[in-house]
Number of protein chains: 2
Amino acid sequence: MARRARPHGEQGGELESLVARVKHLIIFGRLKPRERLIEDELCLQFQAPRHLVRAAFVKLEHLGLVTRRPNKGAIVRDFSVEEVEEIYEMRAMLQAEAVSRMALPLPDEIMQQLAAIHAAYGEAIARQDLGLVCTLNNDFHRTIFAACGNRYLAKLIEALWTESLAVRCYAIGDPVLLARAQRDHARMLAALRKCDRKALVREAVEHIWPALHAYKRAHGGWDEPIAAAPAPERLRPARRSTRRG
Amino acid sequence: MARRARPHGEQGGELESLVARVKHLIIFGRLKPRERLIEDELCLQFQAPRHLVRAAFVKLEHLGLVTRRPNKGAIVRDFSVEEVEEIYEMRAMLQAEAVSRMALPLPDEIMQQLAAIHAAYGEAIARQDLGLVCTLNNDFHRTIFAACGNRYLAKLIEALWTESLAVRCYAIGDPVLLARAQRDHARMLAALRKCDRKALVREAVEHIWPALHAYKRAHGGWDEPIAAAPAPERLRPARRSTRRG
DNA sequence: GTACGGAAGATTGTCAACAATCCGGTCATT
DNA sequence: AATGACCGGATTGTTGACAATCTTCCGTAC
């Protein structure tokens, strides 16, 4: 057997780690929207062979975090405000659906996991460990929505979550928003414990908006009717609330 | 400039075409679930370089049609009945949502597109042109749900549609189901014309079940509590007919 | 007769050099 | 001076060979 360090395979792990590191660069604003991702540069920076870097680009593109154009390389994806709004509409809808069809009460094991994550989350916020905050936030959401009983619903929610990572980076550093997120999580836990589905749905939906607002604010307050509305989108009605809500 | 035939680039187009061809092989049952996809074989069959075939595998995996395992290659994905049911649950939910928030009436242009697709669809069925039937069915659904006003909702619906392609292959050859699909499409069009949202939602949701039932029936009626599930080729080495005779 | 171990073949993963392409600046021409 | 061709550097896409891994088959021991 000889047990060589990491002989050849393990490419899955390496790739994942590479993807995660580039993702962090994007989330924490180290790489900004429309900034180019140059293969050789990342090869050097991460000591990774080029084909791995390229595979990572493919994966990141499919995650919705980068855009690749033929013969022009990869750039950090930038979202239009409309796109971001649509993503958040979907997140609201899917998360509401997930908690609506969730079997309550949740198994003890899940509840304990959530409590543990939430406790660690509070600590991480207190210590300003943003990396950990992000990871635990991730874990909290994935754990909650994985319990919805439909793995595809969970998958879709997670996909949109990931896609909106680059948006939420505007909220990640804001202490006020962090405190609010922590409070929301606590409320969700309470609602889960009380099997109060109505409160659960409300929290699951309302919890997502602050990050969106932070994003729009960071983009110059385009969400407010600024003087000249150029009205470029006459082909997109259908965005008011046809929903029950 | 000399205008060489297809000098170097165009890799996007080539890849897409490759993906489409393998997809067809899967949809039409030419490649069956758990059957291996061998790189060299497909290189030969499609006269494509290996890295393209591999890229196609990556894309197909992300479309949900094949599964890749490290050092073991790609196989046609097989779904458990539970997975299929969950996919269909999601499709029902998302399609209902889409037509619920669709702005009615639809623009004339879209309505005309739909009518044209529907007419061609009927013809294709009459001529038993299954490839065309499949394409047009695709077009019909994509066109309808793209009109929902939220491109992410449309994208999610299309993703699940693609993922369930391998499931619907059981229904593709059945004349009864084809006729029923055609009728359902006609009803959807009528509901769209009349701006009858209730009927539209009903049709959009009910339309998806027959294919699911056909799938379950083809799987030996596992939806019914059969005594001895024969579990035919659970471990199937999947290596016999990797080649076409 | 069955089970374990190892070799050979088949298949996938990795790499580095090469070809094609794009981008920016420079120079000649009008 | 403005415009257009063109050339060089930077970057990405492609290829084929090689290394690692898995699978199968066969021989041997019990």
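Proteins get letters first, then strands, A, B, ... in listed order; numbering begins at 1 in each. Not measured: the values here are computed from a predicted model.
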Subject >> Glu85(A) and Lys216(A): CA distance, side-chain angles, deciding distance, salt bridge (charged side-chain N to carboxylate O under 4.0 Å, His left out) verdict >> reply: CA-CA 9 Å; Glu85(A) 283 174 345; Lys216(A) 293 209 271 191; 2.9 Å; yes
Original post:
How far apart are the closest heavy atoms of Ala92(A) and Ile208(A), and which atoms are they?
Top reply: N-CD1, 3.6 Å
Subject >> Contacts of Asp129(A) that satisfy salt bridge (Lys or Arg N to Asp or Glu O under 4.0 Å) - sequence neighbours left out >> reply: none
**OP:** Determine, for Arg77(B) against Glu83(B), whether the closest basic-nitrogen to carboxylate-oxygen distance falls under 4.0 angstrom.
**Re:**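 So Arg77(B) pairs with Glu83(B) through a salt bridge.
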Identify each atom pair where a protein N or O and an N or O of nucleotides 5-12 of chain D are less than 3.5 Å apart, giving names and distance.
unit_1  : atom_1 : unit_2   : atom_2 : d
dT11(D) : O3'    : Arg36(A) : NH2    : 3.4
dT12(D) : OP1    : Leu37(A) : O      : 3.3
dT12(D) : OP2    : Glu39(A) : N      : 3.1

**OP:** Output yes when a side-chain donor or acceptor of Glu86(B) lies under 3.5 Å from a complementary backbone atom of Arg151(A), and no otherwise.
**Re:**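 Yes, Glu86(B) side chain to Arg151(A) backbone: donor-acceptor pair under 3.5 Å.
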Original post:
Given atom NE2 of His51(A) and atom P of dC18(C), what is their separation to the nearest angstrom?
Top reply: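 For the pair His51(A) NE2 and dC18(C) P, the rounded distance is 18 Å.
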Original post:
Leu44(B) has an atom CG; how far is it from atom P of dA10(C), in whole Å?
Top reply: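 Leu44(B) atom CG is separated from dA10(C) atom P by 14 Å.
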